[in-house]
2 protein chains.
Amino acid sequence: MSAATSEGRRPARTRILETAARLFYAEGVHAVGIDRIIAEAGVAKATFYHHFPGKDDLVRAYVNEQSAAQRATVAAMGIESPRERLHAVFTYMCDFGSGPGYRGCPFVNTSAEYPDPAHPVRQAIAEHRRWNRDLYRDLLAADGHPDAERTADILLLLRDGIAVGFEQEDHATVRTATEEALARVLR
Amino acid sequence: MSAATSEGRRPARTRILETAARLFYAEGVHAVGIDRIIAEAGVAKATFYHHFPGKDDLVRAYVNEQSAAQRATVAAMGIESPRERLHAVFTYMCDFGSGPGYRGCPFVNTSAEYPDPAHPVRQAIAEHRRWNRDLYRDLLAADGHPDAERTADILLLLRDGIAVGFEQEDHATVRTATEEALARVLR
DNA sequence: ACGGTACCAGACAGGTCTGTCTAGTCTGAA
DNA sequence: TTCAGACTAGACAGACCTGTCTGGTACCGT
């Protein structure tokens, strides 16, 4: 009996994506080979190449998966006011950044390994960033902020700073700095 | 006659470091192999391993070199007032980020390829960040800012945001957002 | 003249990378 | 029962990786 399908194991594609996400995030894209992913996912090589034409396609799927997860997290937040919602987003970032497995922003990290902005992986990252920036703008506008566009650009700067900061600096310091920065930026 | 030393060519170590800096920055650390560095530097493999015990040592030297260059740039700035000096630092970042060869912050990018914070390369990066943060704090304190410590933390957040932003977003937008963010953060 | 130092060219070893291919197993639907 | 589709195991090719080693040349201070 094949253990793969009858024992209620998750489908191969899912296992590949989950394993890739874990390894890519923890160790970097170039540092993790296909052989390791298929070994830890318990998948045959032919199966991997059946689902993904090449490694770059897997990386793109990984990026899109991360983006979908973040959008779902935001969508699942209670219906607070726009302002509370905006703060909740940044609070969530701080909580996530303070967690034990934090290893920086998956989008920033992955982007660093793909120098060409025209590469499909980079374009997937750019799309996520557009969503993120638009989220800030919409929440600011809904809150009646007088300069939602420019303030959204500033919040995106802050977002990236937080993502890098929690990877590099003391967590408590970054959290305090984030709260204070938010207060100053939003006046 | 050996072309290496008599024709006024730069010493091998310098050529290695310059070539490594160019390639590491443009394409990433893992993506560039030793073979390519020694080929483009016009250096024998034995010479490379004579100067650097291994690739990680070269990466560490690369990071330290970038740090030294940034410190020298700041040191070479005219003796403006602390506040002008602080603005000049951020203006320089914007100019650099808008340049044609910009590929993100070398420290952030390199850090993304070294997951272990205890790694010597990461520690070299951390040392540079301490210098940077202390630079902000000292300039703020010299300017009489009432909360130099916390504001320096915020400026470090902003710095990282700028470094990522110029790589990912429209340059003019990031520049405008930076100026506005600086104004709001410094009140 | 001599010895140390820096340098060059390139073969080599042992490993890992992506991607292809063969060959066979299991499951579910027609 | 037959057949397509998803899956498994693993050999293989060709390139690239880091690092070692041999062997030889040029310069420089003594």
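A note on names: the letters A, B, ... follow the listed sequences, proteins ahead of strands, and every chain is numbered from 1.
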Separation of [N] [atom2] from [X] [atom1] (nearest whole Å):
X: B/R36; N: D/dC17; atom1: CZ; atom2: P; answer: 9 Å
X: A/I38; N: D/dA11; atom1: CD1; atom2: C1'; answer: 13 Å
X: B/D35; N: D/dT18; atom1: CG; atom2: P; answer: 7 Å
X: B/I16; N: C/dA6; atom1: CD1; atom2: P; answer: 12 Å
X: B/I37; N: D/dG19; atom1: CD1; atom2: P; answer: 11 Å
X: A/F48; N: C/dG19; atom1: CZ; atom2: C1'; answer: 10 Å
X: A/H30; N: C/dT18; atom1: NE2; atom2: P; answer: 10 Å
X: B/R10; N: C/dC8; atom1: CZ; atom2: P; answer: 15 Å

Can you tell me which nucleotide in [options] comes closest to the side chain of [X]?
X: B/V43; options: C/dT22, C/dC8, C/dT18; result: C/dC8
X: A/R15; options: D/dG19, C/dC8, D/dT8; result: D/dT8
X: B/H50; options: C/dA6, D/dT18, D/dA9; result: C/dA6
X: B/P11; options: C/dC7, D/dC7, C/dT18; result: C/dC7
X: A/T47; options: D/dT20, D/dC7, C/dT18; result: D/dC7
X: B/K55; options: C/dT18, D/dT18, C/dC8; result: D/dT18
X: A/K45; options: C/dC8, C/dG19, D/dC17; result: C/dG19
X: B/A46; options: D/dC17, C/dT18, C/dG10; result: C/dG10
X: A/A44; options: D/dT20, D/dT8, C/dT18; result: D/dT8

request  = Evaluate the ring planes of B/Y136 and B/F90, with Trp represented by its six-membered ring, and classify them as parallel (under 30°), tilted (30 to 60°) or perpendicular (over 60°).
outcome  =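 Parallel, since the angle between the ring planes stays under 30°.
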
message = Tell me whether the rings of B/F107 and B/H128 are parallel (<30°), tilted (30 to 60°) or perpendicular (>60°).
response =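 Judged by the thresholds at 30° and 60°, the geometry between B/F107 and B/H128 is parallel.
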
task = Would you check if the distance from the ring center of B/Y62 to the ring center of B/F52 is below 6.0 Å?
result =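 That pair fails the under 6.0 Å test.
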
message = I want to confirm an ordering. Mapping B/G33 and A/R13 to their closest nucleotides on DNA chain D, which one lands closer to the 5' end?
response =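 Result of the comparison: A/R13.
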
Position toward the 5' end of DNA chain D (nearest nucleotide), B/P53 or A/H51 =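 Nearest nucleotide further toward 5': that of A/H51.
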
task = Compare every heavy atom of B/M93 with every heavy atom of B/A163, then report the nearest pair and how far apart it is.
result =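 Minimum heavy-atom separation between B/A163 and B/M93: N-CE, 4.2 Å.
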
message = If I compare all heavy atoms of A/R60 with all of A/A124, which pair ends up nearest, and what's the gap?
response =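 Scanning both residues completely, I find the closest heavy atoms to be CG-CB, 4.2 Å.
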
